[in-house]
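So you know, we letter chains A, B, ... as the sequences are listed, proteins then strands, and number each from 1.
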Amino acid sequence: MDFLKRFFGLESRDSAKNARERLRIVLIHDRTDISPQLLENLRAEMIGVLTKYMDIDESKIELELDRDDQAVALVANVPILRIKRGAGVLLDEGEPSSAQTSSEPGRRSHKKRR
Amino acid sequence: MGGRAIVVTSGKGGVGKTTSTANIAVALARAGKKVVAIDADIGLRNLDVVMGLENRVVYTFIDVIEENCKLNQALVRDKRVDNLFLLPAAQTRTKDAVGPEQMVALCDQLRPDFDFILLDCPAGIEGGFKNASAGADEALVVTTPEVPSVRDADRIIGMLESMGKSPIRLIINRFRANMVQDGDMLDQEDILDILSVKLIGIVPEDDSVIKSSNRGEPLTFGYNSPAAQAYSNIAARLQGQEVPLMKWDTGSSWNLLDGLRRLFRI
C-alpha cells in the first residue's frame, strides 16, 4: 500500500511537521515581546543592583533582546568604571563572614535571587 | 448567584467565532438553559444573520447603554426555541461607542436573568476585544489547525490570562481528520501542547456549516451533521457533562482517481 501511495504521489509530505517547527520558533519570539516601558524599568532596576557593587558608566549601557532562529537572549553590555571595595561584605550583610568560604566562589554567581 | 458570562474569541478573524457562538447558544437553549448571545462586534455585526434574526433587530446594545431603550426591548427572542435571546450590535457605530465598564455593567444586568451570557468577540486585540472580554468570567478561544490562527490564539490566551479569565478553553475548528492522518495538519496534541490550555471540543470541517449560515439556521437546531454534533458536545461540556471526543471518520486517504490525477498532474 505504501508503495502504491508513493507511486501515485500520495506519500505524505508531512507539512504538519513544518507547521509545528515554525510555530515553535515564532512563539518563542512572540512570548518574549517586551514593551519598551518594561525594558526601561528593567534597566533602571538593574542599574540599582549593579551600582551596589560597582561604579558603572550609565550612559553607555546597552540592553537589548537578541533574537535568532532558535532562542531569545537578554544581552547587557555594562562598562565598569570601578569595583567597589567591600562589596562582598555588603552581599552577605548580617551573615557570619565565615559562611563565604564554605562554598565554591565560582558557584555564587549562578544563584539568582528573585 | 447569576449566569456565567463567556467570551468567544480568537484573535484572528474568520476562524469561526460567530458560528461557534450561535451554535453553542442554540445548543444550550435546547438543553433548557436560558441563554443570551451578545454580538460584541460593533460596526461589523454578523451574529444576527448567522442566527437568522436580522429582520427582527430593532434596538442594539448601544441603545441600551445610551438609555434609548430598556434592556428587554433590545433583546431579540428566538421563536424557534425557548429561552434564547440575541442582543444585537450596532451596525452604524464604531467600537469606540462603548467602554469596558459599560460592558461589565451590561453583563451584570443580564446575569440574574440568564444561565449563560455568550459574547461574540470581534477579531483583533484592540478595544473591541477588550470590551467584549471585560464583562466575561470565562473564555472560549477558537482556533483552526493552522499556523497563523494558532499563533494569534497564543497571543489572545496570554491577554485573557492577564485579565484573569478562568477557565480559558479551546475550540479547534475546521479540523480535517484525513489531513491529520496524512501528517498534513496539526493534530490536537500539537495544538494543546503549544498553547497549554484545556480543550473543550473539536469541530470538524463540514459543508453544512456554510449551508446553515446561508439559511440563518444554526446547525444545533437539529441538523444531523458532524459539526452539529461537535457543537452540541461543547455545550454539554460547558454544563459540566463528561462527553468523550467524537470518533473521526477519516474516509479513505487514498483513492485511485486522486492518485491518477496526481500522477498525470491534472
Study note, to complete from the structure: Ranked by heavy-atom pairs below 4.5 Å to chain A, first place among Asp193(B), Ile194(B), Asp190(B) goes to Asp190(B)
Practice item. Return the minimal non-hydrogen interatomic distance between Asp14(A) and Asp184(B), and the atom names on each side. Key: N-OD1, 3.4 Å
Revision key, fill the gap. Rounded to the nearest 0.5 Å, the CG atom of Leu23(A) sits from the CD atom of Glu146(B) at a distance of 10.5 Å
Point to revise | Point-to-point distance, once rounded to the nearest 0.5 Å, from OG of Ser15(A) to CE of Met179(B) | key: 6.0 Å
Review point. Is there side-chain contact between Arg20(A) and Leu186(B), with heavy atoms separated by less than 4.5 Å?
Key: yes
Practice item. Answer yes or no: are there more than 12 heavy-atom neighbours, outside Ile210(B) itself, under 6.0 Å from its atom CD1? Key: no
Exercise for review: May I ask you to check whether over 12 heavy atoms, not counting those of Gln241(B), lie within 6.0 Å of atom CD?
Suggested key: yes
Check your understanding: Are any of the side-chain heavy atoms of Asp154(B) and Arg31(A) separated by less than 4.5 Å?
Key -> yes
Exercise for review: Using a cut-off of 6.0 Å, state whether more than 12 heavy atoms not belonging to Asn224(B) lie near its atom CG.
Suggested key: no
**Study point:** Heavy-atom neighbours of Arg169(B) CZ exceed 12 at 6.0 Å
**Key:** yes
Practice item. Answer yes or no: is there an ion pair linking Arg151(B) with Asp30(A), defined by an N-O contact shorter than 4.0 Å? Key: yes
